[in-house]
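Remarks on the structure that follows.
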Amino acid sequence: MRYTFGQAEAFYWVARLGGFRAAASHLNLSQPTVSLRVKELERVLGAALFNRTLYRPSLTTFGEAIYGDVERILVHAEQVQRRSAGGGTGRSLMRIGAADSFAARILPDLLASLATQRPELQVDVTVDFSTRLEQQLLDRSIDIAFLSQPRAHDGITIVPLWLIDLVWVIGTNLPFEGDVATPEKLVDLPVFTNGPPSGLFTTIQMWFGSRGLKPHRLNTCNPLTVIARLAGAGTGAALLPREMLRLSGDDLKLRVLEAEPPIPSHNLCVMWWGNEASGEYAYLADMARRIFSQTSMPATDRAA
């Protein structure tokens, strides 16, 4: 008797997410169904896959030995399904995740280039916080992610692309003395940012925390272009990528402040599973880097 794809999938996601309930939620199945599939797989293979004596199931030695093999099986199955999405017409699908600033500045030109060079390619784009994109990549909900401040993971390729300069801005009509933003001067102002677990939210908390403070009114919103306009209305401050000021519109009335203490730049990176279409994703990363370089030049230099 052979194991089934459903049994292998249940085993993988229990191991990947650390529990039967989490795996059931991810697979949109009931928890008893997931448990039954894992037990059937253990019966077919003749060995226990999980230690169930602890609060969270942990892999046995045998479970650890086959985990990588099962992961490769699921990867290949997903690739077959994606290639068949075009109904046998040769069309393929690429699922791209993009952080807000990348989506606003780079994505339109990137997709235009892809449409020219790969007219058969179907693209599905997700724009979200970097931390959420990272999790979606780990869950294989997307194929490649352009995001900031990713963490290292086994089997994941991470390529740094460029630095994101972060600046504090306030509306020109907002009463504010001087041109330097400090935690002490901003702590009583409304602060607009992305919600947790975004990188901007974390950076703001750490910046205030460096002086032992916490912003009194931290208002969350998405996307960054809306945050820029809320700050421009003169009701509070916002921490934004400098490039978003240009992308948010010429009618914004914003003052850019120097930050003390300085705010570290974020790293804009691209990441993908290292065993999947690495050449194609590396080419896409190079394309994004070229677009960034071209759009960073002054208009006179580009014309030349």
Side-chain angles (χ1 to χ4, degrees), residues 98-107 127-135 146-151 160-269 292 295-298:
D100 203 353
S101 58
F102 181 91
R105 178 174 179 179
I106 305 298
L107 195 59
V127 179
D128 209 331
F129 301 153
S130 291
T131 48
R132 292 177 181 169
L133 293 173
E134 182 176 338
Q135 188 59 52
F146 293 90
L147 71 177
S148 65
Q149 306 296 92
R151 298 164 296 171
L161 296 178
W162 55 79
L163 292 177
I164 301 174
D165 185 23
L166 300 175
V167 294
W168 280 109
V169 297
I170 59 173
T172 55
N173 296 327
L174 184 69
F176 189 88
E177 294 184 3
D179 296 315
V180 178
T182 66
E184 293 81 2
K185 294 174 72 173
L186 296 187
V187 69
D188 291 323
L189 288 179
V191 175
F192 300 101
T193 185
N194 293 146
S198 70
L200 283 177
F201 185 93
T202 302
T203 297
I204 288 172
Q205 295 281 26
M206 293 177 65
W207 187 75
F208 280 96
S210 68
R211 297 284 177 84
L213 298 173
K214 187 176 182 179
H216 294 165
R217 287 177 288 174
L218 195 56
N219 304 316
T220 58
C221 177
N222 193 35
L224 293 178
T225 50
V226 175
I227 292 174
R229 294 195 170 275
L230 290 174
T235 56
L239 183 66
L240 294 171
R242 189 183 295 273
E243 62 190 32
M244 288 302 299
L245 305 184
R246 175 174 58 87
L247 296 170
S248 298
D250 297 332
D251 59 334
L252 287 181
K253 297 179 180 180
L254 290 172
R255 291 175 59 192
V256 177
L257 305 175
E258 296 295 327
E260 179 55 45
I263 301 170
S265 299
H266 284 187
N267 283 287
L268 194 288
C269 303
F292 176 80
T295 57
S296 298
M297 297 177 186

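Between Ser101 and Ile164, the shortest heavy-atom contact is OG-CD1, 4.4 Å. In terms of heavy-atom proximity, Arg217 sits nearest to Asp188 at NH2-O, 2.7 Å. When all heavy atoms of Leu200 and Pro241 are compared, the closest pair comes out as CD1-CD, 4.5 Å. The nearest pair of heavy atoms linking Ala231 to Ala238 is CB-CB, 3.9 Å. The two residues Pro183 and Trp207 come nearest to each other via the heavy atoms N-CH2, 3.3 Å. Nearest heavy atom pair, residue Ala103 against residue Val127, reads CB-CG2, 3.8 Å.
Considering only heavy atoms from C-beta on, Leu240 comes within 4.5 Å of Leu245 through its side chain. By the 4.5 Å heavy-atom criterion applied to side chains, Arg132 and Ser198 are not counted as neighbours. Two residues are said to be in side-chain contact when any heavy atoms from C-beta on lie closer than 4.5 Å; Leu189 and Val187 fail this criterion. Residues Leu218 and Phe201 meet the side-chain proximity criterion, which asks for heavy atoms closer than 4.5 Å. Looking only at side-chain heavy atoms (C-beta outward), Leu147 and Leu268 stay at 4.5 Å or farther from each other. Using a 4.5 Å cut-off on side-chain heavy atoms (C-beta onward), Thr235 and Leu174 make no contact. With a 4.5 Å cut-off on side-chain heavy atoms, Leu254 and Ile170 do not count as touching. The closest side-chain heavy-atom distance from Leu161 to Phe146 is below 4.5 Å.
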Requested in this report: Could you check Gln149 against Ser130 for side chain to side chain contact (heavy atoms under 4.5 Å, CB included), going step by step and ending with a plain yes or no?
Outcome: CA-CA 8 Å; Gln149 306 296 92; Ser130 291; over 6 Å; no
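Taking 4.0 Å as the cut-off between side-chain N and carboxylate O, Lys185 and Glu260 do not count as a salt-bridged pair. Between Asp179 and Arg255 there is a salt bridge, since at least one side-chain N of the basic residue sits less than 4.0 Å from a carboxylate O of the acidic one.
Between Trp168 and Phe208, the angle of the ring planes goes over 60°, which puts this pair in the perpendicular group of the 30/60° scheme.
Counting non-hydrogen atoms of neighbouring residues, nucleotides and ligands closer than 6.0 angstrom, the CD atom of Glu184 exceeds 12 such neighbours.
Going from atom CG of Asp128 over to atom CD of Glu134 covers 12.5 Å, rounded to the nearest 0.5 Å. Separation of atoms CG (Leu163) and OG (Ser148) is listed at 11.5 Å; rounding is to 0.5 Å. Interatomic distance, Asp100 CG to Arg105 CZ, rounded to the nearest 0.5 Å: 14.0 Å. For the atom pair CD of Gln135 and CZ of Phe129, the computed distance is 15.0 Å after rounding to the nearest 0.5 Å. With rounding to the nearest 0.5 Å, the separation of OG1 in Thr202 from NE2 in His266 is 8.0 Å. Here the CZ atom belonging to Phe102 is positioned 10.5 Å from the CZ atom belonging to Phe292, to the nearest 0.5 angstrom.
Checking side-chain atoms of Asn219 against main-chain N and O of Phe192 turns up no donor-acceptor pair under 3.5 Å. Asn194 places a side-chain N or O within donor-acceptor distance of the main-chain N or O of Cys221, the cut-off being under 3.5 Å. Side chain of Glu258 to main chain of Ala181: no donor-acceptor pair is present (N/O by atom type, distance under 3.5 Å, no hydrogens or angles).
Test Val167, Ile227, Thr193, Ile263 against Leu239 for side-chain contact (heavy atoms from CB on, under 4.5 Å) and you get one pass: Ile263.
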